[in-house]
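Working notes for the structure below.
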Amino acid sequence: MAEKVCVKDGKLIIPDNPIIPFIEGDGTGPDIWRATRRVVDAAVKKAYGDRRSIEWKEILAGEKAFHHTGEWLPKETVDAIREYIIAIKGPLTTPVGGGFRSINVTLRQELDLYACVRPVKWIPGVPSPVVHPELVDVVVFRENTEDIYVGIEWLAGSQEAEKARGFLNDSMGCDIPEDAGIGIKYISKAASERIMRKALKYAIENGRKSVTIVHKGNIMKYTEGSFKNWCYAVATEEFKEKIVNEEELQTYGGSAPEGKIVVKDRIADNMFQQLLLRPSEYDVIVTPNLNGDYLSDAAAAQVGGLGMAPGANIGDFVALFEATHGSAPKYAGQDRANPGSLILSAVMMLEYMGWKEAASLITEGLAKAVSKKTVTHDLARQMEGAKEVKTSEFAEVIITCM
């Protein structure tokens with residue numbers, strides 16, 4: 001009998017037959033979700049036989065939700081994710097400029113999913129634009145609820161913009177022109193501390209060697225500069241037995257003592273260069289919202305792009321796993337899109353549940369499928385001698401390769 005995931009005594013309790021809500025997504029979402037579901041179900045069956053299985057529960061968001069309910073994100077969907085704790089979703093459409101507010105951002109804020117977690121690691125055989133993609137193995141922890149993504153902004157010439165401009169110019173000594181749109185960015189101590197805490201705990205639990213704070217604190221001293229300072233404070237005050245700051249390494253002959261994690265920081269623009277030139281020096285990366293958005297996509301490009309990049313939005317317990325790419329509406333219903341991002345996000349979900357045997361089977365199957373060069377269109381066109389298969393066929397190849 002299927003049961004809900006729950007929290008007891010500060011710990012996730014995962015039943016053998018959990019109910020997991022899913023949002024299939026817009027555009028190519030239904031195609032890649034069907035493939036992902038088949039792969040996950042096959043891996044769970046292979047790993048655990050009849051002892052474990054997932055009861056999938058569909059919930060609505062995006063175009064399908066609007067068609068059925070007249071709402072892009074029904075309250076029932078948000079409530080269901082909160083109730084069932086773990087969920088997974090395909091890509092959702094967000095128009096640029098006008099239109100409805102980003103569903104992804106709304107979900108993160110409504111459910112307080114403050115950590116966007118993006119592991120970036122190369123799968124051998126995936127086409128990459130860099131010479132040594134195998135050197136990239138990072139996990140980006142992006143603060144998810146603050147910075148400019150909060151959406152506090154006013155259109156140029158609007159009454160609100162004029163009011164804000166008047167206050168800033170007259171009372172705060174600013175010089176904002178009349179034709180400017182205005183936005184406000186804020187970063188708080190509490191949000192900075194909890195994202196750093198989560199990144200450090202992950203590093204400790206997974207045997208990672210360093211945590212790098214990425215910021216633009218040389219320019220935005222009281223937002224991103226404070227982010228850096230608050231992150232360092234968490235490391236030195238709460239994890240002092242587990243960490244060593246980079247400047248202290250000379251005391252230890254240039255290398256961290258056994259079992260210690262190096263905590264360091266980099267300016268955001270320099271970090272893009274560092275990740276290209278010296279990727280092996282970086283491990284866990286923690287950033288404010290906008291920096292993390294840029295950096296996680298740029299890192300994914302080094303290992304083949306968003307088509308093979310997983311992601312999750314995680315709070316204290318509630319976790320929503322998702323494809324990191326867009327909905328690609330022009331390929332909708334063509335059974336052609338690469339389901340790799342959503343499949344690897346499902347791997348993250350299984351690991352979060354503690355079902356590591358099933359997760360490993362999927363990772364292994366996907367790697368073998370790529371090594372056989374039996375892949376979807378986006379990869380096949382970049383691989384010499386590849387056999388192009390449909391989305392659904394790719395799922396079958398992965399299952400066969402488990």
Side-chain angles (χ1 to χ4, degrees), residues 22-43 46 56 62-63 88-93 118-130 133-134 136 296-312 321-350 358-402:
F22 71 90
I23 299 167
E24 63 177 11
D26 298 328
T28 58
D31 286 346
I32 66 173
W33 167 248
R34 281 191 292 269
T36 299
R37 179 172 176 168
R38 286 165 66 188
V39 168
V40 172
D41 286 344
K46 187 172 181 64
W56 300 105
E63 293 169 350
I88 187 167
K89 72 175 207 45
L92 294 170
T93 299
R118 296 274 297 273
V120 183
K121 187 176 183 179
W122 186 59
I123 295 174
V126 173
S128 166
V130 299
E134 74 279 1
V136 180
S296 55
D297 279 17
Q302 292 182 233
V303 299
L306 294 180
M308 299 294 278
F321 299 84
E322 64 177 357
T324 57
H325 53 72
S327 58
K330 73 176 182 177
Y331 295 115
Q334 296 182 23
D335 198 21
R336 194 182 186 194
N338 183 355
S341 174
L342 191 57
I343 288 172
L344 288 169
S345 298
V347 168
M348 290 180 70
M349 183 188 77
L350 291 168
S360 296
L361 282 173
I362 297 175
T363 303
E364 174 189 322
L366 182 57
K368 284 183 179 178
V370 171
S371 70
K372 290 170 65 173
K373 297 186 177 182
T374 309
V375 292
T376 49
H377 169 73
D378 62 318
L379 298 179
R381 65 185 177 181
Q382 303 175 69
M383 299 168 70
E384 188 176 342
K387 177 185 177 182
E388 182 177 328
V389 294
K390 297 177 180 179
T391 309
S392 53
E393 294 169 337
F394 190 47
E396 289 304 319
V397 174
I398 294 169
I399 292 167
T400 302
C401 289
M402 285 180 188

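Here the structure is a predicted model, which is why all the values come from computation and not from measurement.
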Check step by step if side chain to side chain contact (heavy atoms under 4.5 Å, CB included) holds for I362 and V40. CA-CA 7 Å; I362 297 175; V40 172; 4.2 Å; yes

I'd like to know if the side chain of [X] and the backbone of [Y] have a donor-acceptor N/O pair within less than 3.5 Å.
X	Y	result
W122	V126	yes
T28	A332	no
D26	E63	yes
T363	A359	yes
S341	M308	no
E364	L361	no

Between I88 and W33, does a side chain to side chain contact (heavy atoms under 4.5 Å, CB included) hold up when you go through it step by step? CA-CA 9 Å; I88 187 167; W33 167 248; 3.6 Å; yes

Looking at every non-hydrogen atom in both residues, tell me the closest pair between [X] and [Y] and how far apart they are.
X	Y	value
V397	A369	CG1-CB, 3.6 Å
S345	P310	OG-CA, 3.3 Å
V303	K121	CG1-C, 4.0 Å
V370	P124	CG1-O, 3.5 Å
K368	C401	CD-O, 3.3 Å
P91	G29	CD-CA, 3.9 Å

Do [X] and [Y] make a side-chain contact, defined as non-hydrogen atoms from C-beta onward lying under 4.5 Å apart?
X	Y	value
N338	I32	no
T376	K390	no
D297	R118	yes
F394	L366	yes

Supply the atom-to-atom distance [X] [atom1] to [Y] [atom2], rounded to the nearest 0.5 angstrom.
X	Y	atom1	atom2	answer
E24	K89	CD	NZ	12.5 Å
Q334	H377	CD	NE2	9.5 Å
T36	D41	OG1	CG	10.5 Å
E388	L379	CD	CG	10.0 Å

Please work out whether the ring planes of W56 and F22 are parallel, tilted or perpendicular, with thresholds of 30° and 60°. perpendicular

Counting only heavy atoms not in K373 (residues, nucleotides, ligands), do more than 12 fall under 6.0 Å from its NZ? yes

D378/R336 under salt bridge (charged side-chain N to carboxylate O under 4.0 Å, His left out): CA gap, chis, key distance, verdict: CA-CA 9 Å; D378 62 318; R336 194 182 186 194; over 6 Å; no

Quick one: do E322 and I23 satisfy side chain to side chain contact (heavy atoms under 4.5 Å, CB included)? Show the steps, please. CA-CA 9 Å; E322 64 177 357; I23 299 167; over 6 Å; no

Do D31 and T391 have side-chain N/O donor and acceptor atoms under 3.5 Å apart? no

